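Keep in mind that what you see is a predicted model, and the values were worked out from it rather than measured.
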Amino acid sequence: MKIFPTKFFSLAFLSALSFANAQFRPSDEKATQETQNLYQNLAKAQRKGYFIGHQDDLAYGVYWKYQQGRSDVKEVVKDHPAVYGWELGNLELGKTENLDGVPFSKIKEFIKEGYRRGGIITISWHSNNPITGGNAWDFSNTSIKSILEGGDKHSVFLSYLDKIADFLADLKDDNGTPIPILWRPFHEHTGTWFWWGAKSASDEEYKELYRFSLDYLKNEKKLHHLISIYNTSVEYSTSEEFLKRYPGDDYVDMMSFDAYQRGSVDEGKKFAEKLDVLISAMNQAAEKHNKISAIGEIGYNQIPDSEWFTKVLKPVFYKHTFSYVLFWRNAGFKPGNNEVEYYLPFKGHPSEKDFLKFYKDKKTLFEKEAGKMNLYK
C-alpha cells in the first residue's frame with residue numbers, strides 16, 4: 001500500500017472516505033425492502049454524481065398539458081428526469097385536484113409510470129392552514145399548539161393526515177408493492193411564508209409537528225415506504241443554523257434546502273457563492289448525523305441566463321456530494337396572476353444547448369442511468 005504524506009490528505013478526501021464507510025439506513029425500522037434498497041442506493045449513487053429531477057414533469061410543459069408521453073426535459077435531452085416531484089396540497093380538503101390544478105388521479109398514474117421506468121418519486125405537501133382555514137401561505141397564526149395533541153384543532157389536522165395517508169397507501173406497483181416515496185413535508189420551515197414557518201411556529205412546535213405527523217403515518221396508518229426529508233429555506237450559513245429546527249435522527253432520513261436565483265443575470269455569481277455555503281453547511285450537518293443530502297428545489301424563472309446550468313450551477317455542484325437536485329415546474333403561462341413560469345428549458349429555448357451540455361456531464365444522472373442502477377433492488 002502506498003503511503004501519502006499527511007499534508008496531501010485533504011478534508012474532501014477524508015470526508016469521501018468517511019462517506020464510503022458509512023452505513024445508511026432509513027429511520028423507520030419497519031421500512032419495506034424496496035424502501036431500504038432505494039435509500040442505500042441513493043447513498044451509493046452520490047459517489048458517481050447526482051440525480052436530476054423536475055416537478056410535475058409528466059403532467060404539463062410550457063406549451064402543453066396532459067399529452068401522453070410528453071416531457072419538456074425529454075424533448076430537449078431525449079431522456080426523462082430521474083426524479084419526479086409531485087404535490088398534494090388541497091388533498092386534505094377532499095378536492096380532486098391539487099393546488100396547481102393537477103388531478104390526484106393523474107398524479108397516481110404519473111407516479112406509477114415513473115416508477116415502472118426506474119425513476120425516483122418525491123412528494124411535497126402545501127397543506128392548507130388547519131387553524132385558520134386559509135391556504136398554506138396564511139401565516140396569521142402565531143402558534144401551532146392548537147393542532148398538536150390536546151389542541152382544539154387537533155382533530156382537524158388528523159383529518160388532513162388521514163386523507164394524505166389514504167393517498168400514500170394507494171401508491172403501489174403492478175404487483176401491489178408500495179412505491180417508495182421521498183416524503184418532504186412542511187418544507188422551507190425556516191422561512192416566514194408558511195403557517196408552519198419560523199414566524200408562525202416556534203422551533204419546538206415545528207419539531208413536535210414533524211415528529212407527530214411522521215409517527216402517525218408510520219404507526220397509526222402503517223405506512224413504511226416513506227423516506228422523510230428535512231427541508232429548510234436559505235436562512236442559514238452554518239450547520240448549527242441549518243439544524244436549528246431538526247426533529248431528530250429517528251425522524252429524518254435526508255437533509256435538503258430550497259434555493260432560487262432572483263433578479264438579473266449579473267446575480268449569478270452571488271447566487272453561486274450562496275449556493276456553495278448552503279451545500280457546505282448542509283453536508284456538514286448530514287455527515288454529522290449520517291444522513292443523505294439533496295437540493296429539494298432550485299430554479300431561475302424563465303432561465304434568462306442561457307448558460308446558467310454549466311456556468312453557475314455546475315462549478316458549485318462539482319465541489320460537493322449530494323443525492324439529487326429537483327428543478328421546479330414548467331407551468332408556462334399562469335392566467336391567475338398573469339405571469340409565465342418555467343425552470344427548465346423546452347425545445348427552442350435559448351438555454352436548450354446549455355442544458356444538453358449539462359445532461360451530458362458525467363455527474364448528472366437522468367432516468368436512463370437510474371433505470372440501469374436498479375435502485376429498488
Side-chain angles (χ1 to χ4, degrees), residues 53 55 85 87-90 92 98-100 122-132 134-145 147-148 157 160 182-211 213-214 228-247 251-252 254-263 267 270-286 293-301 322 325-329 331 337 339 341 343:
Q55 184 76 6
E87 165 62 37
L88 297 187
N90 278 351
E92 69 279 1
N98 74 4
L99 51 81
D100 296 317
T122 183
I123 293 179
S124 56
W125 180 29
H126 287 78
S127 169
N128 283 269
N129 191 326
I131 302 168
T132 67
N135 63 25
W137 292 268
D138 176 6
F139 52 82
S140 58
N141 54 285
T142 57
S143 169
I144 58 171
K145 286 183 180 179
I147 67 169
L148 301 176
F157 184 56
Y160 283 14
L182 306 186
W183 176 236
R184 190 169 64 98
F186 311 120
H187 67 301
E188 298 178 5
H189 58 82
T190 55
T192 59
W193 44 88
F194 292 131
W195 61 260
W196 57 83
K199 187 175 182 178
S200 309
S202 70
D203 295 346
E204 291 306 313
E205 286 174 347
Y206 178 81
K207 293 175 186 178
E208 188 175 347
L209 171 69
Y210 195 104
R211 292 169 186 152
S213 301
L214 201 59
S228 58
I229 304 177
Y230 174 78
N231 179 258
T232 74
S233 186
V234 299
E235 298 78 16
Y236 70 91
S237 58
T238 68
S239 60
E240 290 77 17
E241 291 172 336
F242 177 81
L243 292 168
K244 188 180 178 186
R245 291 159 72 91
Y246 185 63
Y251 292 89
V252 173
M254 300 180 67
M255 297 181 178
S256 70
F257 65 87
D258 298 350
Y260 290 84
Q261 181 173 334
R262 315 286 185 184
E267 295 291 313
K270 183 178 179 181
F271 177 73
E273 291 171 349
K274 176 65 173 178
L275 194 58
D276 188 23
V277 171
L278 294 172
I279 301 175
S280 294
M282 173 183 66
N283 279 354
Q284 288 173 17
S293 62
I295 300 176
E297 294 178 28
I298 202 169
Y300 188 11
N301 190 24
F322 55 93
V325 53
L326 181 79
F327 292 91
W328 205 238
R329 66 197 192 107
N337 47 14
E339 69 175 16
E341 179 186 53
Y343 295 93

pair [X]-[Y]: side-chain heavy atoms closer than 4.5 Å:
{"X": "E241", "Y": "T232", "value": "no"}
{"X": "P247", "Y": "Y230", "value": "yes"}
{"X": "E87", "Y": "I123", "value": "no"}

Which word best sums up how the rings of W196 and F194 line up, parallel for under 30°, tilted for 30 to 60°, or perpendicular for over 60°?
-> parallel
Give me the ring orientation class for Y343 and Y260: parallel if the planes are under 30° apart, tilted from 30 to 60°, perpendicular past 60°.
-> perpendicular
side-chain contact (heavy atoms from CB on, under 4.5 Å) involving [X] - partner list, sequence neighbours excluded:
{"X": "T132", "answer": "N129, D138, S140"}
{"X": "Q284", "answer": "S239"}
{"X": "A272", "answer": "V312, V316"}
{"X": "K270", "answer": "E267"}

Which residues pass the side-chain hydrogen bond (donor to acceptor under 3.5 Å, both in side chains) test with [X], sequence neighbours left out?
{"X": "W125", "result": "E92"}
{"X": "S293", "result": "N283"}
{"X": "T190", "result": "E235"}

Under 3.5 Å, is there a donor-acceptor pair between the side chain of T122 and the main chain of L182?
-> yes
Under 3.5 Å: donor-acceptor pair, side chain of Y300, backbone of G263 | yes
Residues which pass salt bridge (Lys or Arg N to Asp or Glu O under 4.0 Å) with [X], listed by chain and number, not counting sequence neighbours:
{"X": "E188", "value": "none"}
{"X": "R329", "value": "D100, E341"}
{"X": "K207", "value": "E204"}

Provide the closest heavy-atom pair for D258 versus E297 in the form atom of the first, atom of the second, distance.
-> OD1-N, 3.0 Å
Apply side chain to side chain contact (heavy atoms under 4.5 Å, CB included) to I147 and W195, showing your working.
-> CA-CA 12 Å; I147 67 169; W195 61 260; 3.6 Å; yes
Euclidean distance, H126 NE2 relative to L99 CG, rounded to 0.5 Å | 6.5 Å
Name each donor-acceptor pair under 3.5 Å that joins a side chain in residues 273-281 to protein atoms two or more places apart or in another chain, with its distance.
residue	atom	partner	partner atom	Å
K274	NZ	V234	O	3.2
K274	NZ	Y236	O	3.4
D276	OD1	H320	NE2	2.6
D276	OD2	K319	NZ	2.7
S280	OG	D276	O	2.8

Listed by chain and number, what are the ring-ring contact (aromatic ring centres under 6.0 Å, His included) partners of F157, not counting sequence neighbours?
-> none
